[in-house]
Structures are given as structure tokens and as C-alpha cells.
Amino acid sequence: MKTSDAPQQKRSFFEDVYQVVKLIPKGKVTSYGAIAQYLGSKGSARMVGWAMNQAHAMHNVPAHRVVNRQGLLTGKQHFGESDRMQRLLEAEGVEVQDSQIQNFAQRFWDPSVELA
DNA sequence: TGTGTGACGGGCG
DNA sequence: TCGCCCGCCACAC
């Protein structure tokens with residue numbers, strides 16, 4: 001086995017994202033950019049979004065709590081059912097109207113601030 | 001090895 | 001105000 005082992009945790013950028021997402025309190029949401037900024041790559045919000053795509057395999061990652069800066073459930077399409085993501089948020093007390101989180105500013109949870 | 005992709009964000013017309 | 005374009009960076013093929 002040499003260096004070919006360690007197929008488990010890769011300490012990749014993804015896991016960092018997952019850890020942050022897991023820390024999102026129930027009933028709160030954050031944005032891709034906020035996570036990216038917390039990770040140090042403010043302009044790499046796309047990476048976070050893409051990481052969420054892989055997070056699909058991770059059942060411990062509440063990806064539904066991550067939305068874009070507008071508070072819009074842009075990633076709902078990746079949850080299979082169009083209403084699944086919204087349903088999950090509503091189950092946590094987050095008001096969602098037409099894929100748009102209500103009182104987004106109030107529900108917003110910034111890791112770079114809360115985890116500071 | 002290099003190119004393309006991507007659940008975004010900010011800026012400009 | 002709305003819409004379009006460009007930029008960022010890691011990962012897969």
C-alpha cells in the first residue's frame with residue numbers, strides 16, 4: 001500500500017465546507033459566498049456550491065440550509081423533488097415563499113461572524 | 001497535462 | 001430595475 005492508501009478523508013476543500021454547513025443552527029441559513037469567505041476564498045462561492053453537489057452523498061450535511069446571497073433556493077433542483085428543499089426549511093421554521101426565504105436577513109447565519 | 005464545469009457573486013450597460 | 005458578463009478555484013475526465 002504505500003501512499004496509495006488513505007482513500008478515506010482527504011481533508012479536501014469539501015470537508016471544510018461540510019464541517020461549516022453542519023454547524024449551521026437549525027432554523028438558520030447561510031449563503032455560498034459566506035461560507036467561501038469563511039474558508040478564505042471569498043470569490044470562490046462557486047466552489048462551495050459545487051461542494052454541495054458532492055455533499056449529496058453526505059447525509060449529515062444539511063445542504064438545504066445553504067442558499068445563494070438572495071436567499072433563493074437555487075439548489076433546490078438538486079434535491080430531486082422541487083419542493084423537498086423548501087419543505088426541509090419550513091420544517092425547521094424557516095418561512096419560504098416561492099423558493100424565496102422570507103426574512104432572509106433575520107435567518108441569515110454568517111460563519112465568519114458566528115464562528116469568529 | 002490541460003480543458004471544462006459549476007447549487008455564486010459582484011460589476012457594468 | 002433588470003439582465004448579462006466576467007472572475008474564482010477545486011475537481012473530474
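Throughout, protein chains are lettered first and strands after them, A, B, ... in sequence-line order, and every chain is numbered starting at 1.
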A:His56 NE2 to C:dA12 C1': how many Å, rounded?
18 Å

Sub-4.0 Å heavy-atom contacts from residues 93-112 of chain A onto DNA chain B, ordered by number
none

How would you list, by chain and number, every residue that makes a side-chain hydrogen bond (donor to acceptor under 3.5 Å, both in side chains) with A:Ser112, sequence neighbours excluded?
A:Asp110

Dot-bracket for DNA chain C, 5' to 3', Watson-Crick and G-U pairs with both distances under 3.5 Å, [ ] for crossing pairs, | for partner on another strand, reads .||||||.|||||

Any pair counted as salt bridge (Lys or Arg N to Asp or Glu O under 4.0 Å), so long as it reaches residues 60-73 of chain A, sequence neighbours left out
A:Arg65-A:Glu92

Rounded to whole Å, CG of A:Asp16 lies from P of C:dC11 at a distance of 11 Å

I'd like to know if the side chain of A:Asp83 reaches the main chain of A:Arg87, judged simply by a donor and an acceptor atom lying under 3.5 Å from each other, with no hydrogens or angles considered.
no

side-chain hydrogen bond (donor to acceptor under 3.5 Å, both in side chains) partners for A:Gln86, two or more places apart:
A:Glu90

Mind checking whether A:Leu39 and A:Val67 sit in one hydrophobic cluster, side chains of I, L, V, M, F, W, Y counted as touching below 4.5 Å?
no

What salt bridge (Lys or Arg N to Asp or Glu O under 4.0 Å) pairs are there with at least one residue in residues 41-63 of chain A, not counting sequence neighbours?
none

Name all pairs fulfilling the ring-ring contact (aromatic ring centres under 6.0 Å, His included) condition that reach into residues 97-116 of chain A, sequence neighbours left out, sorted by first residue then second.
A:Phe104-A:Phe108

Looking at every strand, decide which applies to A:Ala55 at a 4.0 Å heavy-atom threshold: base, sugar-phosphate, or nothing.
nothing

Can you pull the ring-ring contact (aromatic ring centres under 6.0 Å, His included) pairs that have at least one residue in residues 60-90 of chain A, sequence neighbours excluded?
none

Protein-nucleotide distance (A:Asn53, atom CG; C:dA10, atom P), rounded to Å:
17 Å

Would you please name every residue forming a side chain to side chain contact (heavy atoms under 4.5 Å, CB included) with A:Asp98, sequence neighbours left out?
none

How many Å lie between CZ on A:Phe14 and C1' on C:dA10, as a whole number?
7 Å

Sequence neighbours excluded, the answer for side-chain hydrogen bond (donor to acceptor under 3.5 Å, both in side chains) partners of A:Lys28 is none

Name all residues meeting the side-chain hydrogen bond (donor to acceptor under 3.5 Å, both in side chains) criterion together with A:Thr74; count only those two or more places apart in sequence or in a different chain, and write none if there are none.
none

Quick one, give me the B/S/- string for nucleotides 8-13 of chain B, reading 5' to 3', where B means a protein heavy atom under 4.0 Å from the base and S means that only happens at the primed atoms, P, OP1 or OP2.
BSS---

Round to a whole Å and report the spacing from CD of A:Glu15 to P of C:dC11.
11 Å

